[in-house]
J.: 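Encoded as structure tokens, here's the structure I'll be asking about.
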Amino acid sequence: MPELPEVETIARGLAKRISGDVIESVWLGSKPEPLKSPASEIEAALRGKRISTVRRLGKHIVFDLESASGSASAQWIVHLGMTGSLLVCPPGLELEKHTHAVLQLASGRELRFVDPRRFGRLSVIEKFEAPGAEPLQIAFDDFAVLFHKRKTPIKSALLNQSLLSGVGNIYADEALFRARIRPRRRAASLTRDELRRLHQALKTVLKEAIKLGGSSVSDYVDADGEEGFFQLKHRVYGREGKPCRICKTPVKRIVIAGRSSHYCPRCQK
DNA sequence: ACTATGTCCTGCGAGC
DNA sequence: TGCTCGCAGGACATAG
């Protein structure tokens, strides 16, 4: 569900609310759970640990843990998949359907992981490193190299997490619109000027979305239960048949690599 | 090594 | 009202 701006918003909200809190106990749901690490390992790594920070890497949420003595411990990594959410709530609250993990915190609150579609993943690792580059940090030359000689459509390349970490379907479409590039273009066919525009557009759209708390399509809310507002700024995503905000030509929707892709046939070349 | 395709899940809204 | 169908913000395995 969430892409970089939504994950960033969630991580910031969690950092604000639960940094410094201590995990007293851990409950992990039964049967086919979305656990990448064994349940016993996750429980052992979390129980009794202090959450020193919460931050985002790619589409992953990283919980930096400390042991009681204050030394750095393993990291708890949460990937929300399409429909995952992390909720901070009072202990009495009835368990929502599809709750897969509950952490009791020393402050009396609970941190819950809920995920109906179960594409989300929980894991524990010493030091997590995202496979791809951070789109908000990558320099232009490194960005350009990523697409060098790639025959795949630029849209697919943007979604490839081992190239760039954090770009998903919405922001790929939105960045390509702003850069005036059609999603089906072969990545290697982009000119240097187009690559510059794409690099800039991607950073701009991601930053703007973070500012607005992400895009709330369907039921996304952040750690405080707040909706994002970037969906109001979408120029092509989810706007099939509606007039392009620049030239009024109806926005087209096509399927690339099984993902719906939206673009303006007039503005994007 | 790179690329295209299918699959994992549940829920929701559109259309009949 | 109730059913079926298609679709959903992701990532991985597999096959070519």
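So that the names make sense, note that chain A is the first sequence line, chain B the second, and so on, each numbered from 1.
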J.: Go ahead and write out DNA chain B as dot-bracket, 5' to 3': ( ) for pairs within the strand, [ ] for ones crossing earlier pairs, | when the partner sits on another strand, dots for unpaired; Watson-Crick or G-U wobble, both distances under 3.5 Å.
T.: .|||||||.|||||||
J.: Whole-Å distance between C:dA8 P and A:Asp173 CG?
T.: 11 Å
J.: Between protein and nucleic acid, restricted to nucleotides 3-7 of chain B and to nitrogen or oxygen atoms under 3.5 Å apart, what atom pairs and distances do you find?
T.:
residue, atom, partner, partner atom, Å
B:dT3, OP1, A:Lys151, N, 2.6
B:dT3, OP1, A:Thr152, N, 3.3
B:dT3, OP2, A:Arg150, NH1, 2.9
B:dA4, OP2, A:Thr152, OG1, 2.9

J.: Write down the distance separating the C1' atoms in C:dA11 and B:dC12, rounded off to the nearest Å.
T.: 22 Å
J.: Measure from CZ on A:Arg259 to P on C:dC7 and round the result to the nearest Å.
T.: 13 Å
J.: Look at all strands and tell whether A:Tyr237 reaches a base, only sugar-phosphate, or nothing, counting heavy atoms closer than 4.0 Å.
T.: sugar-phosphate
J.: Rounded to the nearest angstrom, tell me the gap between atom CZ in A:Phe119 and atom C1' in B:dG11.
T.: 12 Å
J.: Can you find a heavy atom in the side chain of A:Thr152 that is under 4.5 Å from one in the side chain of A:Asn160?
T.: no
J.: So, does A:Lys97 get its side chain near the phosphate of B:dT10, meaning an N or O under 4.0 Å from OP1 or OP2?
T.: no
J.: Check whether any side-chain heavy atom of A:Arg56 sits under 4.5 Å from a side-chain heavy atom of A:Ile10, and report yes or no.
T.: no
J.: Looking only at side-chain N and O atoms, does A:Thr83 come under 4.0 Å of OP1 or OP2 in B:dC9?
T.: no
J.: With a 4.5 Å heavy-atom cut-off, do A:Val114 and A:Lys97 have their side chains touching?
T.: no
J.: Side chains of A:Leu103 and A:Trp76: does their closest heavy-atom pair fall under 4.5 Å?
T.: yes
J.: Just so I know, are the side chains of A:Cys267 and A:Thr249 near enough to count as touching, which here means a heavy-atom distance under 4.5 Å?
T.: no
J.: Does a sphere of radius 6.0 Å around CZ in A:Arg266 hold more than 12 heavy atoms from other residues, nucleotides or ligands, not counting ones at 6.0 Å or beyond?
T.: no
J.: Rounded to whole Å, please give me the gap between CG in A:Leu159 and C1' in C:dA11.
T.: 11 Å
J.: Are there more than 12 heavy atoms of other residues, nucleotides or ligands under 6.0 Å from atom NZ of A:Lys269?
T.: yes
J.: Report the distance from atom CD1 of A:Ile10 to atom C1' of C:dG10, rounded to the nearest whole Å.
T.: 14 Å
J.: Could you walk me through whether A:Tyr237 and A:Phe230 pass the ring pair (Phe, Tyr, Trp, His ring centres under 6.0 Å) test, one step at a time?
T.: CA-CA 11 Å; A:Tyr237 183 83; A:Phe230 191 71; over 10 Å; no
J.: Would you mind telling me which of C:dG10, C:dC7, B:dG11 lies closest to the side-chain atoms of A:Arg253?
T.: C:dC7
J.: Mind calculating the distance between CD (A:Glu240) and P (C:dC7) to the nearest angstrom?
T.: 10 Å
J.: Can you find an N or O donor on one side and an acceptor on the other, under 3.5 Å apart, linking the side chain of A:Arg117 with the base of C:dA8?
T.: yes
J.: Rounded off to whole Å, could you give me the NE2-to-P distance for the A:His148 and B:dC2 pair?
T.: 12 Å
J.: Report yes if the side chains of A:Val236 and A:Lys242 come closer than 4.5 Å at any heavy-atom pair, otherwise no.
T.: no
J.: Please check the phosphate of C:dG10 (OP1 and OP2 only) for any side-chain N or O of A:His79 closer than 4.0 Å.
T.: no
J.: Distance check needed: C:dA8 P versus A:Ile256 CD1, whole Å only.
T.: 13 Å
J.: Should the heavy atoms of other residues, nucleotides or ligands under 6.0 Å from NZ of A:Lys49 be counted, would the total exceed 12?
T.: yes
J.: With a 4.0 Å cutoff (strictly under), does any side-chain N or O of A:His98 reach OP1 or OP2 of B:dG11?
T.: yes
